[in-house]
Each structure stands twice: as structure tokens, then as C-alpha cells.
Q: 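Shown below is the structure under consideration.
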Amino acid sequence: MASTVTSAELEAWLRAAAVELAAHADELTALDSAIGDADHGTNMARGFAAVIEKLDAASGGEPTVPALLKSVGMTLVSKVGGASGSLYGTLFLDMAKASPAEDALTLAQAADVVAAGVAGVVGRGHAVVGDKTMIDAWEPAVTALQDAAASGASAADAFAAAAAAAAQGRDATEPLIARKGRASYLGERSAGHIDPGAASTTILLDTLARVTAESASDGKSA
Amino acid sequence: MASTVTSAELEAWLRAAAVELAAHADELTALDSAIGDADHGTNMARGFAAVIEKLDAASGGEPTVPALLKSVGMTLVSKVGGASGSLYGTLFLDMAKASPAEDALTLAQAADVVAAGVAGVVGRGHAVVGDKTMIDAWEPAVTALQDAAASGASAADAFAAAAAAAAQGRDATEPLIARKGRASYLGERSAGHIDPGAASTTILLDTLARVTAESASDGKSA
Amino acid sequence: MKKLINAPDAVLADALRGVAAAHPELAVDHENRLVVSTAPREGRVALISGGGSGHEPLHSGFVGVGMLDAACAGEIFTSPTPDQMLAAAQAVDTGAGVLFIVKNYTGDVLNFEMAAELAADEGIQTASVVVADDVAVQDSTWTAGRRGVGTTVIVEKIAGAAAAEGKSLVDVAAIADKVSRAGRSMGVALTSCTLPAVGHPSFDLPDDEMEVGVGIHGEPGRKRVPLESAHDIAHDIVSAITDDLDFTGAPVIALLSGLGGTPLIELYVIYADIAAALAERGIEIARVLVGDYITSLDMAGCSLTLVKADDELLRLWDAPVNTTALRWGV
Amino acid sequence: MKKLINAPDAVLADALRGVAAAHPELAVDHENRLVVSTAPREGRVALISGGGSGHEPLHSGFVGVGMLDAACAGEIFTSPTPDQMLAAAQAVDTGAGVLFIVKNYTGDVLNFEMAAELAADEGIQTASVVVADDVAVQDSTWTAGRRGVGTTVIVEKIAGAAAAEGKSLVDVAAIADKVSRAGRSMGVALTSCTLPAVGHPSFDLPDDEMEVGVGIHGEPGRKRVPLESAHDIAHDIVSAITDDLDFTGAPVIALLSGLGGTPLIELYVIYADIAAALAERGIEIARVLVGDYITSLDMAGCSLTLVKADDELLRLWDAPVNTTALRWGV
Ligand SMILES: Nc1ncnc2c1ncn2[C@@H]1O[C@H](COP(=O)(O)OP(=O)(O)O)[C@@H](O)[C@H]1O
Ligand SMILES: Nc1ncnc2c1ncn2[C@@H]1O[C@H](COP(=O)(O)OP(=O)(O)O)[C@@H](O)[C@H]1O
Ligand SMILES: [Mg+2]
Ligand SMILES: [Mg+2]
Ligand SMILES: [Mg+2]
Ligand SMILES: [Mg+2]
């Protein structure tokens, strides 16, 4: 039962996430149409396509975890734009900063790294849970991840728990009145819609859970 | 059997024509949409509304025929605009010039007056029959009117013949390729549509026939 | 119909009130529907243009120093009337005479003709230049000829500069005529326009089609074809224009105008392809304007105008101009 | 969707090619999506703005003498990125520092913040002014605050004039901030805009309704109501703006901008009513622009901006400016 995450797994995650985000781009944009400016799906798809390009272009061996995360963060910052570009960019850049220069992280380290990334997002965007942003998905995900790591769960189970918590957080944004980001301009009219950034967060974590589960079963079957 | 036309009859005609043109404005504009710029109905309705205003404002007794025609011509020139404004304006101004300074015209005089007006339109617009313009209605109407006058017909019958000839001329514009006016820009695509100016000409002559017929029967019954 | 208006038949009067409110440096004659420059004319030739409304900024946006002295505003898409033009001539004539700049539409031509007769009666000398530059229309002496479109803007600018230099009416008219003959235009509509008084689009254009060679009053063009890319549209209209007149070997003034409902970003997109198509043909663009200069109410689309110039015309083009829609050097 | 484009994801790159082709006096960095002024800067403070594309002429149309030194173009409706902004700062900094003019959207604010950090790392001094003038949005320190709209144009013009006078970064930033605080805006949409990448309107607006207080990205506004006359719309937006800030007793700079799909004639129609509504309230309009200055792709509608000025701000407003979308005195 693997309780580590390797950079190879992270790379597999990013590649799978790019596919998922492209597949869900219209859905994310539709959410952003309702309470934003109809570009979140396009932004995320464009950003992650650039991440894949960067991965494909990278020569040499597997990078360390922080090198990989930093490269992703830089790419997102320079290719996504909008609020999500700087926020997802900050997430990855701050995860990179918190990560030991290794090829793999223990689950406990991974939990701390994600927590550091999310703290970076909060530091930049000043959102708290209940503001109807991606933080509503990330905060419970971090808690679930840290709890799972502390209880000795496998990486796959831990990320599954994080993804489930994110999904709950995402759904919980629906009735909320936005206090941050573009949706806040709507005041009460923002209620009744799911936050697009919380939805893309959940896609990222769902994919991470799936990829680590696949990798765990590959490991077992191998 | 009246074979004169009085300025009172002409005024009754103009008032009735204003009503008819307003009622048919959308129809004329629809014709102008197909091969022009969708304003002929609005132009004619606006112009004749201004004529009525002018008639209403006129104090004193019945004007002479040329004074009435000139006032109408001036009003059309200054209120209609577009091709039809200068052409219908010229029609009335040149009819006024050709008209003896009387309160009534004999039918023969009336035929000559209309012919002079139409000659003025031709002089200004250089259209010949077959160019798909109002001339396609006016020319046969003038011929019919002159024939009727020569054969001693009543005014009502003569104008009815003129209106019928105009209607025929109007219908004959449908297959033609326009060579004058805005419709000429369409080349072959102008075929298959009735010319709006030929249609408004027919409305004017129809109304004149109706008004002189009513006035004749009023005269009989009186 | 969704428009910022009060009533269909009040559009023109209201718009003139707006022009007056926004531009105190212009004199607006509401009765005669004239926009008149208050800049001094000092014995020089005066320029008057006008036409149906709905093509803004043409013509009122080009009234001012170095361009028009007065613009006569007709009803939407309807030529103004001779009495308006006469009033304009009376307002701006200094004794040096008046040039009428006329777009080649039967209504405009006939009304300016009547105005010239009236002006002559009043002792005002006039000359006229008729712009007929739309290559979408077959040229022929048997018909009304070509429509007048974008070249009008360039005629107004260059003739305005010539008048400002104190040239005689004959000379100003000759320069205007030279520009007029050297200009060619072609437009493309992605949507119809909607006249306020009509309330629905003037023509039906399916969602996947466009009208190539459309007129600025929504007159049908050369053909209706499936919607093309900016690149293909650019090549189409450049070909149509350059097939009609050889634009190589001389500096060219280009005008890419939106038709009223197309945003600037799209004009720049297609201008990139137009510039490339012109370069391919060895045509040298010496001056260029991109924006809304001659529009067709809310129509989506654009029109391209090229004028074959020379050093003299470029010098006059570059001369100072100060109007609400075109300004430089002052 | 009917647009003059080649492909939804090529719009920005193509438009920048068009800007480069049309305006040789501007330097376009296609890699970094920058439009940079080639006019000399001579040791003075440099001004940079930027934002999502689709609001043209904002910001690239305001690059040039007396206004912006560089504009960073984001994807359609998406803030540009910090590396673009850093590249712009590196291109225009003379050592006197750079002012970032930022519209108050989370994306723009965060990306310019990151850019300021990167610039500091490179030894470039920056200051930022954030414009948040849209009265349609409730102001609050608990939210993202108000959106930044039309006042941005006026900040760019006046700060540009201050920089041209050789004022220090602190002083230019202070003037920019003063203008920003003195400005209020409100917009009305008659139709939605359509993003090229989306292909259908961002929101549904029935044929007989309008969105009052719409954002320039199609963000819903204060309320959706039956379509009103220009007169009533004018009174609505003037009330909303003047209820928020007292504009009496000082000269006011007014900007009436079309949103991209509304023709100029309609802007003049409603400006007549706006001018009347302002006069009724005793507000003195000292300067006014009517036209497309800050747009929302092909949206039909308009936005009104008022800035409370004083003699100093009017003097800076009147200073020479030479950009593709605003030009006078030169
Ligand atoms: N201050 C903030 N803190 C955290 N997340 C935010 C903040 N502002 C916006 N977001 C997130 O960004 C998402 C919008 O991203 P996107 O649409 O790509 O950018 P933009 O709003 O600039 O168009 C929102 O759904 C929300 O989750
Ligand atoms: N040269 C001409 N001679 C005679 N009639 C003409 C000529 N040109 C146009 N017309 C008439 O004018 C009509 C159009 O009038 P209208 O639509 O009011 O003016 P415009 O064409 O300026 O919009 C045409 O249908 C045609 O009958
Ligand atoms: Mg968004
Ligand atoms: Mg017509
Ligand atoms: Mg007309
Ligand atoms: Mg965005």
C-alpha cells in the first residue's frame, strides 16, 4: 500500500488532468457564464495544454517533485491569465517551495505541500471558506488529506478522501453569495450557482485520486 | 358627366392619397426592402403627411390649381428626400408650371398638365419605360389619360383608365432588371420584384380615380 | 429591435441634439438639420456634404477645420432635401463658392442638383463632385452607376485641405474629382441593419452566410456565400478592388471601416489579412485608417476603400484636420 | 456566431498583427502580446496598463504620446499574465519607475501584483492604481469591490499627461489615484456579447429586456428590466451615478462609450438625454467624449463615466495626446 507520491505519478496526474479539463471545458465555462465571464474552461484548458507541451518538451530524466511543480506553476502563471492563472499558479509555485528536493514525497509531506500551496492561494486572494471560491473546495480537501495522512491511509485513499471533500465543498458553494472574484459583483444574484474554480479544483483532485489509485493497482498487479 | 377637375377635387385627392399612402406604407417599404433601402413607404407617408399639414394650415379660399400643385411640390421636395422626393416634387412643380392659373382644369388641360409633370420627372431622372421606375407607371398612365380626354371621356373614367394603365405598368416592372435608381445596383437580382415607385404612383392614380368618381356621383345625386 | 432611441421618427432630431450637446464647437441648425463648422472660413471655398443618416460619423463627424464646412443630415437612409442644402450653402458661402460632395445615389444626386439650381438663383456659385466607388456594382452609363461609399471620407479630407490652402472652387473641385476617380471600395455584411422605422432587419441573412458587396443601405451585393474566415474575406474584397483598378506603383490611402455593429478587435483581425493580401500584390499602403468611418446603422461587417494617391494628395491628407471623427496636426 | 475572425483562439494574435500593420508608429511584441509606444520617454515615468482583450480600443488604442507607454493584451476577457507585464516594464522603464493602471478585477489585480513582485526582483520600481468605478456593484471591503470601467480611460489620459510633464512616480500615481477616486460609471446592455471561444451569447436577454448595470465582460448588473427609451435609460444611469457621488460644483469630464455593437447615431441620441439629465441636476460638463472607448466585444449598449475634475485635471486632460484612439494638440 503506497503512501508516497512520485514525480512520475504527479506527471501522470497532470497529463490526465489536462485531458479532463479539456473534456470539461464547456461545463466550466458554462458555470462561469452564469456568475462570471465565461472563460474559466477555456483558461484552464489552455493552461494545462501548455503544461503538457512543457512536459513533452522537457528532456532528460524525471525532474524532482519541486522542479516539476515549479515548472507547472510558472506555466500556469504565464499561460492562464485571469484570477485562476495567478491563483493556480501560486498554488503550484508555493507547493514547489514547500516541497523537499526529492523524486517522491511521503503522503505526510504531500499533505503539507498541498497545504502550503493552498495557504499561498489564500495569501494572494484573501478568500476564506464561504466566499464561494476555489478555496471552498481546497480547504476541506487539505483537511481531509492531512487527516488521512495522519491516520496512515494509502495515497490513493487519501486523495480520494480529499477529492470527496472538495466535491462537497464545491457543491456547498451553490447557495452561497460570492464575496470574492468576479461573481461577487452579482451580490445576491450569485446564489444558486456552483463556483467554477471550486469545480475545476474538484476535477484536479478527482483526477489525482484516480491516477494514484490506478498506479497503486498497477503496483499491486505488477 | 364632369370632364373638369377642380382644385377642391385635387385637394380631396391629396387628402385621400395621404391616407392611402400611410395605409400602404409598410407594403411600399417592403417592396423597397427587396430591391432598395426600405424607406419608400416611410418617405411617401412622411411627405404626404406634411402636405396635409400644409393644406390644413392654409388660410383663405381655395387656391388656384397651379398654386395648390406648387405648394405640394415644394412640400414634397423639402420633406420627402431621397430619389422620390425630388422626382415627385418635380412632378408637382412641373405640373404647376404647365397649369393655367384657374380653379379648375378641363380634362384635356389636366392630361397636358400631368404629361408636363411626367416630362419633368424624365428630364430629372432620365429614366425611360422599361428602366423599372415610377416612369413605367406614369408613361402609360399619361397615354391613357390623353386618349381618354381625346375621346371625350368623363374625368372619373379618364383617371380610372390612367390608374389601370399605371397598375399594368407597375406589374410589368416585376420581371425587369432595373437600370435606374437604387435597384439598378442589384443588376439581375432586381428582377422578380415590383418597383416601389411604380407602386406608389399607382396608389396616387387609383385614389385620384376614386375621388373623381365619388365627386361625380356626388354631383349626380346632388 | 433593440436600439437606444426614443421613437423611430425622433432618431435624427435626437441625434442632432446629442451632437450639439457633445460638441459645442459645432453649430447645429435643428430646423434645417445642418451641422456647421464655427471655424473661420475667411474668403475660401466652402465644402458641403450630406446624405441619409445612419452612416455616422459620416458626414457630421467630418465637419470642422480642414474638412467639411457643413453637413446636411437626411432622414435615416434618405437623401437630405434641396432646401437643407441651400440653407447650408447660404450659411457657409464666403463668395468663393461651394463644393457639394455627393455620394452617387439617385436621391442624393437629384437633390444636390436641385440645390445647385436654387443656389444659382441666390447667386451662390457651386460645383459638385459625385463619388461612385463601390466595385460591387457593375459600372455602366445605362444605369445609376456605382454607389458612393468610403472614398467620400477621403475626398472630404483632401478637398478640405485644398480649400484650407485657399485654392479656387475649380481647383478644389478638380482635386476632389481626382480623388474620387482614384478610389475603389467593397463591403461585406455579416448581418443586416435594422431601420428604426421598420423595426426588423432589412434582409434575412442566415446564420452561416454573408453578403459580399453589400451596400451601406443594406442593398444586396454581388453574391451571398457561406460565412468565410477573415483571411478569405480579405482576399475576396482586395481582389475585387484591385481587379477593378491597378493600385501598384503609387502610394495608397486605405480606409477599413466597420459597418456599425462590428467591434474594433475584429477590424484589426481582418486588417492583418488585408495588409498581407495587399503586400502580396505589391501594393504600398502609405496611410491607413481602421475604425468606424462610414457605417450602416447596426450592420455587422466592414468595407475596404483604397485610393491611389501621389505626393500632392498625401501632403493634403497629412494637413491638419480637427473634426469630431478625424483629427491630427492640431 | 458571426465574426470577422479566422479561429477563436487566433483572435488576439491576429488582431495584434492588424494593429502592427495599421500603425507602424507602434511597436508590437507578438511573443509577449504587448503594444509599446516608440515615442521617446527620456527619463520620465512610464505608464503601463493592460487587461483582457475584447474592450478595444482599451488599452492598445491609448498607447502613444501623452498616454500609455505600453499595453499588455490578455486573452479575450482574461487578464494578461505577470510575465507579459514584466516584459512591458522592462521595455519601457527609464529608471524613473513604472505606473501600473489596473482595472479592479481579481485576475488583473493579482497578476499585476505578481508582476510588481517580479519587477521589484529586477530592480524596477513600480506603483499601481486600481480603478474601481462601476456603481452597479455594491462597494464593500468584504468583496472584490467594484469593477473598473470607463474611468480607466480618463486615468490613462491624465496620468499620461502628468508623466509627460516629468512628474515623479509618486506624483503621477497620486494624480492617477485622484482621478480614479473621482470617477463613477454605469453601463446598460441591450444584447449580450459573444465570446469567440464560446460561440453563443454569454447570457440570454429577451428581445424586450435590457440589463442595467452590466459589466464589460457580460457580468449581470443591478437588474433586468423591460427595454426603456433612451430618455429613461439616460435618467436611470445618471441617477445611479450621481446618487453615488455628488458631481455638482466642479467641472466634470464625461465619457459616453458604446459597448461595441451600438452605432454612433444611437450614442448621440442617448447623449442628448444624458446631457439634459445632467443639466437638470446642475452638473457642468466641461469635457466630453462620445464613441467607442471601452467596449465589450459585440455587445449593444453603452456606458457612462463621469469624473469630477478641477483646473489641474482639466489642464492635464487638454495636454497633447497622440494615440490611435485619442488624439489632439499634435
Ligand atoms: N480571491 C479569490 N480567491 C480564491 N479564488 C478566487 C478568487 N477570485 C476568484 N477565484 C476563483 O477563480 C475562479 C474564476 O477563474 P477564471 O474564470 O479563470 O478567472 P476570471 O475570474 O479572471 O475570469 C472563480 O470561480 C473562483 O473560484
Ligand atoms: N432615375 C429615376 N427616374 C425615375 N424614378 C426613379 C429614378 N430613380 C428612382 N426612381 C424611383 O424612386 C423610387 C425609390 O424611391 P425612394 O425609396 O423613396 O428613394 P431612395 O431610392 O432614394 O431610397 C424607385 O422605386 C423608383 O420608382
Ligand atoms: Mg472567468
Ligand atoms: Mg428607398
Ligand atoms: Mg432612401
Ligand atoms: Mg476572465
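So you know, we letter chains A, B, ... as the sequences are listed, proteins then strands, and number each from 1.
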Q: Quick one: of Asp131(A), Asn43(A), Val80(A), Leu87(A), who has the most non-hydrogen atom pairs under 4.5 Å with chain D?
A: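 Going by pairs under 4.5 Å, I would pick Asn43(A).
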Q: Which atoms form the tightest heavy-atom contact between Tyr185(A) and Gly145(D), and what is the distance?
A: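 Result for this residue pair: CE2-O, 3.2 Å.
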Q: Select, from Ala83(A), Ser86(A), Gly81(A), the one with the greatest count of heavy-atom pairs under 4.5 Å involving chain D.
A: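 Ranked by heavy-atom pairs under 4.5 Å with chain D, first place is Ser86(A).
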Q: For Ala34(A), is it the side chain, the backbone, both, or neither that has a heavy atom closer than 4.5 Å to a heavy atom of chain D?
A: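 It is the backbone, since no side chain atom gets that close.
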Q: So, taking the atom named CG in Asp39(A) and the one named CZ in Phe77(D), what distance separates them when rounded to the nearest 0.5 Å?
A: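 Asp39(A) CG to Phe77(D) CZ: 9.0 Å, rounded to 0.5 Å.
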Q: Is it true that atom CG of Asp103(A) has more than 12 heavy atoms of other residues, nucleotides or ligands lying nearer than 6.0 Å?
A: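 More than 12 within 6.0 Å, yes.
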Q: How far does CD of Gln84(D) sit from OG of Ser78(A), to the nearest 0.5 angstrom?
A: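 Those atoms lie 9.0 Å apart.
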Q: What's the separation between atom OG1 in Thr106(D) and atom CZ in Arg124(A), rounded to the nearest 0.5 Å?
A: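 One gets 12.5 Å once the value is rounded to the nearest 0.5 Å.
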Q: What are the two closest non-hydrogen atoms of Leu93(A) and Met114(D), and how far apart are they?
A: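 Nearest heavy atoms, Leu93(A) then Met114(D): CD1-CE, 4.4 Å.
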Q: So for Leu195(D), is it side chain, backbone, both, or neither that comes closer than 4.5 Å to the heavy atoms of chain A?
A: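 Leu195(D) touches chain A through side-chain heavy atoms alone.
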Q: Asp83(D), Ile76(D), Asp108(D): which one forms the most heavy-atom pairs within less than 4.5 Å of chain A?
A: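 Of the options given, most contacts go to Asp83(D).
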Q: Tell me, yes or no, whether the heavy-atom count around Arg224(D) atom CZ, taken from other residues, nucleotides or ligands under 6.0 Å, exceeds 12.
A: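 Correct, the count exceeds 12.
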Q: Is it the side chain or the backbone of Phe203(D) that comes within 4.5 Å of chain A heavy atoms, both, or neither?
A: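 Nothing of Phe203(D), per the 4.5 Å heavy-atom cut-off to chain A.
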Q: If you measure from CG on Asp32(A) to NE2 on His217(D), what distance do you get to the nearest 0.5 Å?
A: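 The CG atom of Asp32(A) sits 10.5 Å away from the NE2 atom of His217(D).
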Q: Does Gln138(D) CD have over 12 foreign heavy atoms under 6.0 Å away?
A: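 Not buried by this count: 12 neighbours or fewer within 6.0 Å.
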Q: Check this for me: Asp204(D), atom CG, are more than 12 non-hydrogen atoms of other residues, nucleotides or ligands nearer than 6.0 Å?
A: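 No, CG of Asp204(D) has 12 or fewer neighbouring heavy atoms, counting only those of other groups under 6.0 Å.
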Q: Looking at Met1(D), I'd like to know if its CE atom is crowded, meaning that more than 12 non-hydrogen atoms belonging to other residues, nucleotides or ligands lie closer than 6.0 Å.
A: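 Counting other residues, nucleotides and ligands, CE of Met1(D) exceeds 12 neighbours.
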Q: Determine whether more than 12 heavy atoms belonging to other residues, nucleotides or ligands lie under 6.0 Å from atom NZ of Lys2(D).
A: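 Above 12, so yes.
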Q: Rounded to the nearest 0.5 Å, what separates atom CD in Glu219(D) from atom CZ in Arg182(A)?
A: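 Going from the CD atom of Glu219(D) to the CZ atom of Arg182(A) covers 5.0 Å.
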Q: Need one label for Ile216(D): side chain, backbone, both or neither, based on atoms under 4.5 Å from any heavy atom in chain A.
A: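 For Ile216(D), no heavy atom lies under 4.5 Å from chain A.
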Q: For Gln168(A), look at atom CD and say whether over 12 heavy atoms of other residues, nucleotides or ligands are found less than 6.0 Å away.
A: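 At most 12 heavy atoms, drawn from other residues, nucleotides or ligands, come within 6.0 Å of this atom.
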Q: Between CZ of Arg46(A) and OG1 of Thr78(D), what distance do you get to the nearest 0.5 Å?
A: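 If I round to the nearest 0.5 Å, the distance is 5.5 Å.
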Q: Salt bridge check: are Arg189(A) and Glu211(D) linked by an N-O gap of less than 4.0 Å?
A: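 Between Glu211(D) and Arg189(A) there is a salt bridge, with a charged N closer than 4.0 Å to a carboxylate O.
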